[in-house]
Structures are given as structure tokens and as C-alpha cells.
Amino acid sequence: MELIKTFINLFADPRLFFIMSVLALVAIVWKREAFSRNSVGYGLLAFLGVFFAFGLFDENFRLIIVKPDNVPIVALIFLVVFFTWYAVREGVRNDQRIAAGDDPIEKEESDRVWVWPDLVYTELISLILCTAVLIVWSVGLEAPLEQPANPANTPNPSKAPWYFLGLQEMLVYFDPWLAGVVLPSLIIVGLMAIPYIDTNPKGNGYYTFRERRVEITIFLFGFLVLWSSLIVLGTFLRGPNWNFFGPFEYWDIHKLEPLTNVQLSDFIWVRMLGQPLPENWFVREVFGIVLTLGYVAVLPPLMARMFRRYYEKLGATRFYVTAMLLLMMLSLPVKMLTRWIFNLKYVVSIPEYFFNI
Amino acid sequence: MAQTETVQPKEALPVRAWNWLTETQIWTSIFRHAAPINDRNRVLVMLSNVFLHLHPVRLKKHGVRLRYTWCMGGLSFFLFLVLTFTGLLLMFYYRPTLEYAYSDIVGLREHVPLGIMREMHRWGAHAMVITVWLHMFRVFMTGSYKPPREFNWNVGVIMLVLTLLLSFTGYLLPWDQLAIWAITVGANMARATPFLGHEGPGAALLTLGDVQLIHAADDARFALLGGTFVGEGALLRFYVLHCVALPLVIGFLMAVHFWRVRKDGGISGPL
Ligand code: HEM
């Protein structure tokens with residue numbers, strides 16, 4: 001028992017956590033036929049159930065999951081896993097039908113039925129079930145109320161509401177102006193752009209995977225890996241001082257993590273060229289600036305060259321908008337990787353203007 | 001030979017009572033037609049009932065099934081109604097001032113019999129965030145944002161943001177440690193808004209002569225909090241946004257959203 005816990009704690013690490021969620025996504029996309037089997041879906045839910053039930057016996061783990069505001073996230077984990085599995089399964093089923101020359105299930109079911117009673121009753125039942133769940137939940141779990149607000153006493157860790165913890169996790173890698181303002185705005189813009197940059201006419205109004213492989217994979221990457229899994233990480237695995245803790249680890253306020261992060265300018269001027277940092281901020285940061293400009297200005301045309309087919313299909317405007325949004329989305333994993341491999345803190349660091357990337 | 005007489009069996013009392021009731025003027029003034037047990041009345045019920053007329057009269061079979069919609073849009077709407085109702089009840093007890101906010105919540109917990117209004121409101125809000133996400137996920141996976149539904153997807157994205165903002169503004173109102181520090185963490189981001197936050201890149205460039213235009217007392221965070229920290233001003237602002245402004249906007253957008261679902265040809269399906 002203790003052994004398993006120690007083992008899990010040992011493996012709990014933001015790097016492993018993130019890489020494992022990426023691998024899970026790759027497995028889902030690649031082995032989707034196997035993934036969509038009933039045994040896999042219910043097996044996953046059962047595994048999660050056993051994991052949480054097992055965790056309840058651990059005092060450290062229990063402290064986190066029964067914290068009232070964290071209960072919805074436990075529910076969220078189950079729901080997201082279930083519905084991902086379900087949507088992929090329905091997609092795979094339709095793909096198999098299409099491959100066999102049949103219509104998707106939705107097409108077969110396009111004869112019309114009366115809204116009363118067919119839909120109205122389904123709605124009524126969902127509504128009653130939803131009310132019942134909500135009432136049971138409300139009777140069983142009291143809403144949290146802590147000590148009265150006290151501006152002089154900062155709790156450690158101070159966490160944003162759970163649905164923003166993915167953003168708070170980004171603060172580890174980016175400054176607030178990016179993690180808290182620019183990237184969230186880009187998430188919204190990116191979501192709104194989806195219908196206008198996805199010109200694939202197929203897969204409109206029915207589940208499918210094969211006909212929309214690329215779109216679905218990108219969306220799942222954003223929704224599962226960058227959004228949901230970072231929320232889980234931020235909620236369950238970040239403790240005092242935003243340090244990382246394994247699920248069964250005691251949240252020790254005095255846990256110290258060595259801060260060895262360096263700036264790119266340090267890295268190049270001091271370590272590689274053996275010179276002191278230049279006084280002028282522009283000269284000092286010139287390498288980072290070139291790199292950043294390269295990322296946003298040189299990569300897109302290169303991508304246009306590399307993905308000629310998409311470029312021609314989408315047209316210049318759509319292609320460049322898509323490429324920019326993708327690069328922005330990938331900036332988080334890119335920054336994560338450079339942090340983990342090179343301990344890189346900022347690519348460009350101009351504290352004079354609060355401008356750090 | 002005795003005359004055989006056919007005797008009508010008398011209907012059971014409840015049936016007769018029901019028949020009498022449904023023929024009274026009061027009943028017929030409310031319900032314009034008989035129960036929807038035949039096709040004609042199934043049409044009439046959808047057309048004459050203001051709540052049901054959100055729906056069409058008939059629908060493609062796949063669109064009715066839980067398999068396709070997961071009912072997540074419907075549940076989001078239902079949870080919104082639950083939240084409006086329970087929120088209204090909470091407003092009877094809660095006063096958004098530093099003096100009363102916290103103690104009103106304590107009072108709600110201790111003195112209101114069967115008081116689960118606060119729980120219903122809080123857990124309902126969490127649940128709505130989840131259902132809206134899952135609804136978006138479903139809409140994506142069925143490709144329902146594709147033409148002609150691009151605009152409705154956008155209305156949806158804005159409602160998703162509003163749902164999160166509603167949740168966020170509500171988080172502050174209990175005025176406990178959890179509340180102010182979560183909002184402090186969130187609001188501190190606004191300080192770093194490019195150009196508009198006093199610690200944001202570019203803000204230092206906005207000067208008139210040698211007067212800084214953007215400083216701690218007029219930047220984006222100040223606008224959000226009505227102050228330089230989470231205090232009285234923030235509480236009032238969040239209260240008004242939470243109870244009046246945001247619900248009105250999201251309610252308005254829901255009307256647009258539902259209207260467009262109908263006008264874009266009902267629930268999506270293969271062409
Ligand atoms: C405040 C939250 C929302 C409510 C109450 C709501 C409600 C609904 C309802 C009741 C439907 C009918 C079909 C169904 O139940 O699935 C629907 C459809 C739709 N919703 Fe939402 N929605 C919300 C948020 C969103 C979001 C966040 C998006 C996308 C980003 C979205 C995009 C759509 C689209 C494109 C349709 C048409 C789907 C189809 O025809 O298959 N909605 N919505």
C-alpha cells in the first residue's frame with residue numbers, strides 16, 4: 001500500500017504529468033478503434049473510481065478531494081473521460097459504417113418524430129434527474145465558508161477558482177500579461193475563429209473521426225491536454241508556493257525547489273560568449289527578439305511552404321490566421337519544454353518595460 | 001320474456017371528475033385544446049404554449065436522442081433557470097457591504113430552515129460551467145459549428161465566457177478568505193494588461209508630457225475592482241455585475257441562441 005503510494009508520488013511530476021497526457025491523447029487518436037471498445041470506456045471509469053476510492057483512505061489525498069470546491073473537478077474528470085470516450089466511439093462507429101458503404105447513423109434516423117412526446121419527455125426526465133442530483137449534492141455537501149476576508153493574511157497557496165487554474169498554471173511559464181491576458185484572449189478568438197477557418201465540408205451534423213482527423217486532434221489537444229489536464233494539475237497537484245506535490249504527499253510549506261532558471265540573454269552572453277551582459281536592453285535581448293520574431297513571422301511562411309496542400313485549400317488569409325493561432329497554442333508546450341530542458345526562464349526579458357516572454 | 005336493457009357501465013369517479021374539470025370555463029381558458037394524444041393536438045400544444053414553442057413541432061429522430069445532443073445545451077439552460085431562481089432567493093438575505101456580507105452568509109447557513117439555497121446556487125453554478133463545456137465539446141464533435149451555424153457557435157463562445165465571468169463574480173460575494181484571495185489572484189492579471197495595466201508592457205509609453213497616463217489608480221484592474229485592491233468597491237461592482245448586468249446579457253444571448261438554433265434549420269444533421 002505505502003509502496004504504491006510512494007511509487008505514484010515518485011512519478012508525479014509536472015513534466016511527466018504533461019507528457020503522459022500528451023501520450024494519452026496520441027494513443028486515443030491513433031488507436032481509436034481499440035479505445036472505443038466498451039471494455040476500455042467502462043474500464044477507464046472503473047479505474048478512476050478505484051483510484052479515487054483508494055485515495056480516500058489516504059489522509060493527504062482525502063484533504064484535497066473532499067475539499068468542497070474540488071468535488072466538481074472530481075466529477076469533471078469522470079465526465080470528461082466518459083464523454084471523450086463516447087464521442088470517439090460514436091465517431092468510430094460512423095466511420096466504420098461509411099467505410100462499409102452505409103450512411104452515418106444520423107442519416108438513417110432522419111425521419112421526423114413528434115416533439116411531444118418524444119423530445120419533451122426526454123427533456124422532462126433529464127430535468128428531473130438533474131434536479132435530483134443537485135438536491136442530493138446540496139444536502140450532502142455544505143458550501144464552503146472560510147474565515148472572514150482578511151487582506152492582511154494571504155493563504156498559501158492562493159488559488160483562483162478551479163476553472164481558471166489552467167491559466168494560473170500557465171503563470172509558471174509565462175508572465176501575467178501573456179498567461180492572464182493575451183493567451184486567454186487568444187483562446188476566445190481562436191474558438192470564435194473555428195467555423196471560419198475550418199473549411200472542411202464533411203462531418204457536418206454527425207459524429208465522425210476519420211473525415212475530420214486534423215481538426216478533432218487539434219481540438220482535443222486544446223480541450224483535453226491544455227485545458228482540462230492543466231486544471232486537474234493545478235487543483236490536485238499544486239500546493240504551497242505553487243510547488244508540485246504528488247497526490248499522496250503532505251503539503252509541506254517548507255518544501256524548497258531549487259530556482260535555477262536563467263534568461264536566454266544570460267545563457268548566450270555570459271555562458272556561451274563569456275562576456276558581461278550589455279548595458280543596452282536591445283543589444284542584450286537581441287537574440288531573444290530575433291527568435292521571437294522568427295517564431296511569429298518566419299515560421300508561418302515556412303509552414304505555408306511545407307503544407308502547400310493546406311495553403312492552397314484554405315487560401316492565404318485563412319492559412320495565416322490558422323498558423324498564427326496554432327503557433328500561439330503551441331507556445332505553451334514550447335515554453336514548457338525549454339523550461340524543462342534548458343531551465344530557460346525568459347526568451348526575451350525587458351523588465352524595464354514589463355516585457356518578458 | 002323480459003326486455004333486455006343495455007346498461008352503460010358508469011365511469012369511475014376520478015374519470016368523471018377529470019371530465020368535469022376539463023370542461024369548466026377556467027380549465028378551457030388556460031388550456032386551449034385537449035391533451036396531446038393525437039397528431040392535431042400535438043401540433044397545437046407546441047404552437048400555443050409559450051414555453052414549448054421554443055421547439056419545433058416535429059424533429060428528426062437523431063436530434064431527439066441523447067446520443068446526439070447529450071442534452072447538454074438543455075441542461076445548461078435549465079441550470080441557468082435554477083440559478084436565477086435560487087439567486088433571487090439569496091438576494092433577499094444578502095447585503096453586499098463589508099459590514100454585512102460575511103455575516104449574512106453565516107446567517108443563511110445557521111438561521112434559515114432547510115437552507116440549501118446557497119448550496120443549490122453554488123453547486124448549480126459549478127455544474128453549469130461543466131455542462132456548458134461539455135455542450136461545446138458535443139457541438140464540436142458533431143461538426144455543428146459548420147455552415148450555416150457559424151454565428152451561433154460564436155454566440156455560444158460569448159456565453160461560455162459570460163458563464164465563467166458569472167461564476168467568477170459570484171465567487172467574491174461570500175467575502176471569506178477563499179473569496180477575496182481567489183479574486184485577488186484573478187484580478188492581479190488585469191494589472192498586466194498590455195498598455196492598459198500599470199504593470200503591463202507598453203503602459204509606460206503612454207504619457208502626456210511627463211505625466212503617466214496609466215498608473216495603479218486608473219488601470220484595467222482599477223476598473224475591474226473599483227479600487228487598487230479587493231475591497232468595498234470590488235464587492236459592489238461584482239455584486240451588480242453578478243446579479244444584474246451579466247444575467248441580463250446572457251439571458252438576451254440565450255434568446256438569440258435558441259432563435260438561431262431554430263432558424264438555422266433545427267438541430268444539425270447530415271445534409
Ligand atoms: C450558456 C450556455 C448555453 C446554453 C444554455 C446553450 C443552449 C443550447 C441548446 C438548448 C441547444 C439545442 C441543442 C442542444 O441541446 O445541444 C444549443 C445548440 C447549439 N449551441 Fe448552445 N448553449 C450554450 C452555450 C454554447 C456554447 C459555449 C457553444 C459553442 C461554443 C454553443 C454552440 C451551439 C451550437 C452551434 C448549437 C447548434 C447545434 C446543433 O444544431 O447541433 N452553445 N445550445
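These numbers come from a predicted model, not from an experiment. The basis for the numbers below is simple: all heavy atoms, side chains too, and nothing from hydrogens, waters or symmetry mates. Proteins come first, then strands; the chains are lettered A, B, ... in the order of their sequence lines, and each starts at number 1.
Heavy-atom distances place the side chain of B/H55, and not its backbone, under 4.5 Å from chain A. Of the two parts of A/F164, only the side chain, counted from C-beta on, holds a non-hydrogen atom closer than 4.5 Å to a non-hydrogen atom of chain B. Looking at B/V106, the atoms closer than 4.5 Å to chain A (heavy atoms on both sides) sit in the backbone and in the side chain alike. For a residue to count as touching a neighbouring chain, one of its non-hydrogen atoms must lie under 4.5 Å from one of that chain's; by this rule A/Y207 touches chain B with backbone and side chain alike. A/F209 does not touch chain B: none of its heavy atoms, backbone or side chain, sits under 4.5 Å away. Looking at B/V129, the atoms closer than 4.5 Å to chain A (heavy atoms on both sides) all sit in the side chain, from C-beta outward. Only the side chain of A/I105 has a heavy atom closer than 4.5 Å to any heavy atom of chain B. Heavy atoms closer than 4.5 Å to chain A are found in both the backbone and the side chain of B/M120. Both the backbone and the side chain of A/K107 come within contact range of chain B, with heavy atoms under 4.5 Å apart. Proximity to chain B involves both the backbone and the side chain of A/V113, based on heavy atoms less than 4.5 angstrom apart. Using a 4.5 Å cut-off between heavy atoms, A/D111 contacts chain B through both its backbone and its side chain.
Below 30°, between 30° and 60°, or above 60°: for A/W116 and A/Y121 the angle between ring planes is above 60°, a perpendicular geometry.
By the 4.0 Å N-to-carboxylate-O rule, A/D198 lies close enough to B/K146 to be salt-bridged with it.
The CG atom of A/L129 lies 12.5 Å from the CG atom of A/L134; values are rounded to the nearest 0.5 Å.
Under the rule for a side chain to side chain donor-acceptor pair (under 3.5 Å), B/E150 has no partner lying at least two apart in sequence or in another chain.
Among residue pairs with one or both ends in residues 208-226 of chain A, those qualifying as side chain to side chain donor-acceptor pair (under 3.5 Å) are A/D95-A/T208, A/N200-A/E215, A/Y206-A/E211, A/R212-B/Y145; sequence neighbours excluded.
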